[in-house]
Amino acid sequence: MSTLASRGVHILGPDAGEQACGEVGLGRMLQPADIAARVGALFQNTTLTGKRVMITAGPTWEALDPVRGITNHSSGMMGYALAQAAIEVGAAVTLVTGPTHIDQPPRAKTVDVISALDMHAAVMNSIDQQDIFIAVAAVADYRPIDTASEKIKKNAEQMTITMIKNPDILADVANLQKPPFCVGFAAETNDLLDYARGKLERKKLDLIAANHVGGSETGFGTPDNAITLTSQNNVIELPKQNKNALARTLIAEIAKAYTEK
Ligand code: C5P
């Protein structure tokens with residue numbers, strides 16, 4: 001048995017207890033449920049066990065008044081799928097999410113936020129405890145400079161909204177003195193790779209996942225997505241597939257790059 005074990009064979013049992021012959025001691029078969037649990041544990045992917053991963057997801061909502069606001073078409077699907085995939089490989093996941101209509105992944109610590117400023121505060125609140133930061137949220141670039149406290153009336157023929165730039169959450173995280181491993185997303189309608197590379201450099205990221213939006217088949221609100229994952233010295237094409245499958249591949253690639261860093 002020790003020879004088999006030394007060759008990497010896992011031996012389950014024997015269990016101890018009362019035997020068919022009446023003796024008590026080692027020699028019983030393990031309970032079937034115990035065997036199933038131990039075999040399952042052998043096949044469990046533990047790539048990110050012990051690692052803390054924070055993910056931002058969904059859109060942000062920038063209020064104009066108590067009932068209206070400026071937002072975008074992000075469904076949150078990609079960020080939630082990544083949270084689920086990271087949990088499956090053992091990570092402790094904090095999901096900071098803007099308003100969405102999809103179910104929260106079980107076992108993630110979810111922090112609900114509305115605006116970009118809320119999301120920024122929630123991220124900064126515990127980013128120092130994270131190993132990996134994945135910014136998937138479609139954060140509004142600008143917010144109205146003023147939010148009316150009462151519903152705006154339609155008296156005027158024209159209305160001008162003055163907006164002010166929101167903080168760049170991902171750039172602020174990547175610029176911390178001890179930043180976590182930073183992964184960004186670039187959703188573009190044109191010149192995808194050029195813009196993605198620019199963002200990788202400018203925001204000081206470890207990886208950027210670029211996807212084409214604007215068409216009807218991939219990107220915002222669709223079940224499928226295709227991604228080009230780019231680092232300083234590597235480009236990986238992940239072909240169009242269901243967002244859950246894509247999320248698992250992405251998490252595997254992120255974990256690999258994180259380990260190699
Ligand atoms: O510059 P751009 O908005 O295209 O960058 C996209 C990436 O930056 C995404 O990962 C997004 O989540 C993140 N981002 C952010 N805070 C912002 C704007 C973008 O974290 N205010």
Side-chain angles (χ1 to χ4, degrees), residues 53-63 69-83 85-86 93-100 111-128 130 132-145 163-176 179-214 218-221 225-231 238 243 246-247 250-251 253-254 257-258:
V53 177
M54 180 180 269
I55 299 173
T56 64
T60 62
W61 169 273
E62 310 300 327
I70 293 169
T71 188
N72 59 62
H73 283 310
S74 170
S75 63
M77 268 194 276
M78 194 66 227
Y80 282 45
L82 280 166
V93 173
T94 303
L95 178 66
V96 182
T97 174
T100 69
V111 183
D112 288 302
V113 297
I114 305 286
S115 68
L117 287 183
D118 294 343
M119 187 174 273
H120 188 268
V123 166
M124 290 305 167
N125 190 34
S126 61
I127 195 65
D128 58 338
Q130 307 298 327
I132 299 175
F133 179 61
I134 312 176
V136 197
V139 183
D141 292 328
Y142 294 88
R143 67 179 180 277
I145 204 161
M163 301 186 70
I164 185 168
K165 210 167 191 178
N166 271 326
D168 190 316
I169 303 167
L170 176 57
D172 283 359
V173 169
N175 271 301
L176 289 171
F181 186 87
C182 284
V183 184
F185 269 69
E188 304 290 349
T189 54
N190 59 304
D191 300 324
L192 185 63
L193 276 190
D194 284 349
Y195 280 121
R197 276 192 188 287
K199 260 170 229 181
L200 185 81
E201 301 283 335
R202 205 171 51 252
K203 300 199 190 194
K204 300 190 195 153
L205 308 180
D206 295 291
L207 281 177
I208 190 145
N211 66 304
H212 191 269
V213 289
T218 58
F220 282 1
N225 208 359
I227 274 182
T228 307
L229 193 60
T230 306
S231 66
L238 307 178
K243 282 181 181 172
L246 186 64
L250 257 175
I251 286 292
E253 292 295 344
I254 291 169
Y258 167 76

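Along the sequence shown, residues are numbered consecutively beginning with 1. Ligands are counted one by one from 1 in listed order, and the atoms in each one are counted from 1 as well.
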Review point. For atom 3 (O) of ligand 1, which protein heavy atom lies nearest, and how many Å away is it?
Key: Asp141 OD1, 4.0 Å

Revision key, fill the gap. Looking at Leu170, Val123, Ile169, the heavy atom closest to atom 13 (C) of ligand 1 belongs to Leu170

Practice item. Report yes if some N/O of Ala135 lies less than 3.5 Å from some N/O of ligand 1; otherwise report no. Key: yes

Check your understanding: Which residues pass the side chain to side chain contact (heavy atoms under 4.5 Å, CB included) test with Asp141, sequence neighbours left out?
Key -> none

Exercise for review: For atom 14 (N) of ligand 1, find the nearest protein heavy atom and state the residue, atom name and distance (0.1 Å precision).
Suggested key: Asp168 OD1, 3.9 Å

**Study point:** Shortest heavy-atom approach to atom 21 (N) of ligand 1 - which of Ala57, Ala171, Pro167, Ser74
**Key:** Pro167

Exercise for review: Run the numbers for me: atoms of ligand 1, each under 4.0 Å from some heavy atom of Gly184, listed by number.
Suggested key: 10 (O)

Exercise for review: Please report the C-alpha distance between Thr56 and Val139 in whole Å, then the side-chain angles of each, then the deciding distance to 0.1 Å, and finally whether the side chain to side chain contact (heavy atoms under 4.5 Å, CB included) criterion is met.
Suggested key: CA-CA 9 Å; Thr56 64; Val139 183; 5.6 Å; no

Exercise for review: Give the residue and atom name of whichever protein heavy atom lies nearest to atom 18 (C) of ligand 1, and the separation in Å to one decimal.
Suggested key: Val139 CB, 3.8 Å

Exercise for review: Could you pull out all residues at least two apart from Phe185 that satisfy ring-ring contact (aromatic ring centres under 6.0 Å, His included)?
Suggested key: none

Check your understanding: Ignoring hydrogens and geometry, is there a side-chain-to-backbone donor-acceptor pair from Glu62 to Pro144 under 3.5 Å?
Key -> no

**Study point:** Side-chain donor/acceptor of Thr100 to backbone N/O of Gly58, under 3.5 Å
**Key:** no

Check your understanding: N/O to N/O below 3.5 Å, does that happen between Asn166 and ligand 1?
Key -> no

Review point. What is the closest protein heavy atom to atom 4 (O) of ligand 1, and at what distance does it sit?
Key: Lys199 NZ, 2.4 Å

Exercise for review: May I ask you to list the atoms of ligand 1 that are less than 4.0 angstrom from any heavy atom of Lys203?
Suggested key: 1 (O), 2 (P), 5 (O), 6 (C), 7 (C), 8 (O), 19 (C)

Revision key, fill the gap. heavy-atom search around atom 6 (C) of ligand 1 in the protein gives Phe185 O, 3.0 Å

Review point. Rounded to the nearest 0.5 Å, how far does CD1 of Ile254 lie from CG of Leu229?
Key: 6.5 Å

Point to revise | Rounded distance [0.5 Å steps], CG in Asp112 versus OG1 in Thr97 | key: 6.0 Å

Exercise for review: Starting from atom 12 (O) of ligand 1, locate the nearest protein heavy atom and write down its residue, its atom name and how far away it is, to 0.1 Å.
Suggested key: Ala137 O, 2.7 Å

Point to revise | Rounded distance (nearest 0.5 Å) linking atom CZ of Phe133 with atom CG of Asp172 | key: 9.5 Å

